[in-house]
Number of protein chains: 4
Amino acid sequence: MSTLSQVTDSDSPTRPVRRRGGAKRERLANAAAEVFHRQGVEKTTLNDIARLADVPVGNVYYYFKTKDQLVEAAVGAHRARLAALTERLDALPEPADRLKALITGWVDQRETAARFGCPFGTLATELDKRDDGLDQAAAEVMRALIAWVSGQFTQMGRPDAQDLAVELVAAYQGMSVLTNTLRDPGIMAARGARLIAWIDGLA
Amino acid sequence: MSTLSQVTDSDSPTRPVRRRGGAKRERLANAAAEVFHRQGVEKTTLNDIARLADVPVGNVYYYFKTKDQLVEAAVGAHRARLAALTERLDALPEPADRLKALITGWVDQRETAARFGCPFGTLATELDKRDDGLDQAAAEVMRALIAWVSGQFTQMGRPDAQDLAVELVAAYQGMSVLTNTLRDPGIMAARGARLIAWIDGLA
Amino acid sequence: MSTLSQVTDSDSPTRPVRRRGGAKRERLANAAAEVFHRQGVEKTTLNDIARLADVPVGNVYYYFKTKDQLVEAAVGAHRARLAALTERLDALPEPADRLKALITGWVDQRETAARFGCPFGTLATELDKRDDGLDQAAAEVMRALIAWVSGQFTQMGRPDAQDLAVELVAAYQGMSVLTNTLRDPGIMAARGARLIAWIDGLA
Amino acid sequence: MSTLSQVTDSDSPTRPVRRRGGAKRERLANAAAEVFHRQGVEKTTLNDIARLADVPVGNVYYYFKTKDQLVEAAVGAHRARLAALTERLDALPEPADRLKALITGWVDQRETAARFGCPFGTLATELDKRDDGLDQAAAEVMRALIAWVSGQFTQMGRPDAQDLAVELVAAYQGMSVLTNTLRDPGIMAARGARLIAWIDGLA
DNA sequence: CATGAATGAGTCTTCATTCAT
DNA sequence: GATGAATGAAGACTCATTCAT
């Protein structure tokens with residue numbers, strides 16, 4: 001997920017006043033999500049994030065009291081991206097097409113996945129080693145994805161929608177792990193094709 | 001993988017002199033693998049490992065010059081466990097049974113997977129964020145697993161053995177991620193059952 | 001060299017805002033140079049330097065990322081002192097007098113030399129055991145000194161100015177080593193007198 | 001000094017019993033002197049010395065209770081080399097020739113001096129930063145050299161023999177420092193030639 | 001005497017976090 | 001609100017020294 005992240009940097013220059021704070025906060029959250037994806041949470045320093053967001057380090061603390069809050073914000077960024085993505089997909093008339101577009105989006109990101117894995121899955125995996133609430137936040141996002149997928153299957157008339165949704169998402173996470181570990185985007189391409197065929201078979 | 005790790009600590013008490021060095025080294029490698037699984041590599045202190053292995057910190061460096069070497073050793077421990085596991089499974093007469101036993105082993109570890117994910121998959125995921133050779137070491141182990149699975153499918157007469165193997169392993173990694181993130185061992189149980197049925201369908 | 005180091009700590013109290021950063025950085029560099037002189041680079045702890053500069057250890061790294069950078073800065077401090085010294089000497093009308101003043105300055109520091117050797121020579125000697133670039137930095141300063149001395153001889157009309165310069169500097173380094181090893185400032189006094197007579201003979 | 005170190009490894013195989021300890025002890029002392037020359041005392045590990053002397057680390061402590069004792073032994077090795085050297089030079093009939101041979105020996109080692117400085121001078125310089133007795137031991141060796149040189153000048157009928165001796169040794173130390181710092185063996189060649197001419201002028 | 005292994009104190013270095021302007 | 005600088009608590013790593021065989 002978090003693919004199709006053509007999240008246009010929506011700072012429309014026309015928007016007049018609105019405290020810049022919001023923009024900076026968001027910039028930091030997005031920077032965090034990105035660096036976490038590339039380096040992992042633990043390896044990432046506040047400086048890394050600040051630099052990417054082009055915000056002086058000392059200033060970060062005006063927006064986030066702790067590093068954990070930045071992690072939370074990064075998870076939030078993923079949630080937002082997922083919401084934006086599903087909203088876009090919902091525009092398609094057929095639920096099967098929506099799922100296939102979802103998968104296609106993932107496959108399109110296979111080069112990134114080969115290098116750094118699924119942007120959200122690897123984050124969730126890292127957070128799962130902890131027992132603060134952060135893992136719960138990640139779980140929520142994962143559940144949201146499954147729920148949306150499940151909704152599509154329901155619309156397709158499948159009574160076992162929830163099961164199928166878990167299967168689909170698990171398949172994506174699994175191919176991401178292998179693609180990443182073996183550094184082979186071909187795996188994601190091949191597995192993605194199978195998944196699409198599988199959807200077609202169900203429709 | 002790395003499940004079914006009933007690797008009996010084979011220090012037969014009869015073995016008389018034999019320098020203890022090897023044993024300690026192995027103890028450290030296993031301790032490292034275990035703590036890495038629970039806490040992740042980055043969060044893990046040399047002290048954590050030393051404590052679990054019951055070795056004074058300073059002494060760790062007699063066996064491993066750097067933390068990275070401990071990571072390498074942990075990967076090696078996973079490789080060794082996998083080898084031990086497949087060797088045991090090879091004792092079964094039918095390749096399909098071997099695969100089903102493999103899956104069953106995974107499912108048996110579902111509680112652990114729910115808490116900490118796949119012991120090897122999460123390690124590989126974390127190492128993939130780096131670009132030293134460590135990620136390659138992890139890739140090797142993953143390939144070894146796929147190769148063994150593929151071998152079983154070949155013996156079952158499947159010409160698409162390699163594809164099926166990737167599918168099986170990806171499925172395992174995927175269900176591990178979801179089981180872990182959602183903290184729900186039920187997912188692994190359900191998905192495992194499906195996988196077994198799938199094997200049966202192929203045979 | 002590095003004698004006549006009456007480098008007045010030029011923090012004119014009138015200077016109003018100006019970021020203190022530069023001052024602290026310089027304080028650290030000077031502290032490093034001094035402690036290196038007394039204890040040698042290897043025996044010197046970052047704590048030693050920090051304590052002398054009255055800076056908390058952790059803060060040292062805000063200015064210098066590694067201990068090596070502090071060594072570099074110390075060499076830089078020597079370069080600066082040398083520059084300040086020669087600039088002062090250049091005020092004298094006669095080149096021969098400049099050289100004699102240089103020597104006199106060295107002799108004035110003979111007690112220190114007896115205890116710790118030449119502040120810069122011993123540093124260069126220690127750095128020469130390494131093969132990172134630090135030894136080159138030291139070489140530069142040594143060359144600068146020789147060049148300045150050579151310039152004086154040239155002004156005195158000596159065609160063999162460079163040779164004489166090497167002779168003079170080597171003589172200083174040699175007497176420093178003996179003065180230091182034998183813990184006898186008298187050596188430097190006696191040898192210095194000879195050098196001055198030698199200069200007079202050349203003029 | 002310490003040049004002309006053709007100290008034949010005098011383990012005449014005919015020497016019958018004599019505990020081997022002596023040989024090992026000497027090997028360690030020589031190894032220490034050599035590594036100290038290359039790396040400096042502080043940078044040198046007991047392991048470095050043990051490895052070069054081909055003695056297991058643990059065994060070093062049978063011969064030397066502390067690292068400092070090894071330093072002492074290294075100084076002793078220098079003293080012994082100096083004694084061997086002067087004994088050999090004493091075979092020459094003319095004192096002036098002895099001094100010239102001494103200088104020639106130094107010049108012959110100029111490549112080493114360019115890389116690591118005078119084997120003994122740099123050691124003395126490093127030890128001078130300490131205030132345990134080690135610096136005194138080094139001073140003794142330096143004094144022995146000066147005394148021998150002074151003796152030659154006395155035999156040449158010079159009443160200022162001691163002064164000349166200090167001048168000669170200081171000149172050697174000085175050219176060593178410059179040769180080393182500037183990494184230029186040519187300096188030692190040129191300065192050595194001058195020294196020899198100086199001796200000739202005195203004779 | 002020999003030797004691999006053990007020990008623990010100490011050093012450099014990193015960083016999240018806070019503070020003073 | 002913004003920002004460079006400050007701080008201190010770790011953590012990785014080294015090594016002289018000691019011990020058990």
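A note on names: the letters A, B, ... follow the listed sequences, proteins ahead of strands, and every chain is numbered from 1.
- Protein atom CZ of R25(D) is 12 Å distant from nucleotide atom P of dC1(E), rounded to whole Å.
- Annotation: of the two residues near DNA chain E, V60(D) and K67(C), the 5′-most nearest-nucleotide partner is V60(D).
- We find the NZ-CZ distance between K43(D) and R130(C) to be 5.0 Å, quoted to the nearest 0.5 Å.
- Side-chain atoms of K24(D) lie closest to dT3(E) of the nucleotides dA2(F), dT3(E), dA6(E).
- Nearest heavy-atom pair across A33(C) and H78(C) is CB-NE2, 4.0 Å.
- A heavy atom closer than 4.0 Å to some atom of DNA chain E occurs in no member of residues 41-52 of chain B.
- Among residues at least two apart or in separate chains, salt bridge (charged side-chain N to carboxylate O under 4.0 Å, His left out) pairs with a member in residues 44-61 of chain A are D48(A)-R51(A).
- Of the options T122(C), D128(C), T125(C), a side chain to side chain contact (heavy atoms under 4.5 Å, CB included) to T122(D) is made by T125(C) and by none of the others.
- The side chain of P56(A) lies closest to dG4(F) when the candidates are dA5(E), dG4(F), dA16(F).
- dT21(F) and dA2(E) make up a base pair, with Watson-Crick or G-U wobble contacts both under 3.5 Å.
- Atom CZ in F64(C) sits about 15 Å away from atom P in dT14(E), given to the nearest Å.
- Using a 4.5 Å cut-off on side-chain heavy atoms (C-beta onward), L70(B) and T44(B) make no contact.
- Residue Y61(C) contributes atom OH, which lies 16 Å from atom P of dA6(F) at whole-angstrom precision.
- Taking atom CG on L70(C) and atom P on dT11(E), their separation rounds to 15 Å, with Å as the unit.
- Between dC1(E) and dT21(F), the two P atoms lie 22 Å apart (nearest whole Å).
- Computed from coordinates, the Y62(C) OH to dC19(E) P distance equals 17 Å when rounded to whole Å.
- Between the CG atom of N59(A) and the P atom of dT21(E) there is a distance of 19 Å, rounded to whole Å.
- Distance from the side chain of T66(A) is smallest for dT17(E) among the nucleotides dT17(E), dA6(F), dA6(E).
- With a 4.5 Å cut-off on side-chain heavy atoms, L28(C) and V60(C) count as touching.
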Run the side-chain contact (heavy atoms from CB on, under 4.5 Å) test on Y63(D) and N59(D) for me, step by step, so that the C-alpha distance in whole Å, both residues' side-chain angles and the decisive distance to 0.1 Å come before the verdict.
CA-CA 7 Å; Y63(D) 300 94; N59(D) 197 14; 3.9 Å; yes

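- Distances were taken from every side-chain heavy atom of Y63(D) (C-beta onward) to each of dA6(F), dG4(E), dA2(E); the shortest belongs to dA2(E).
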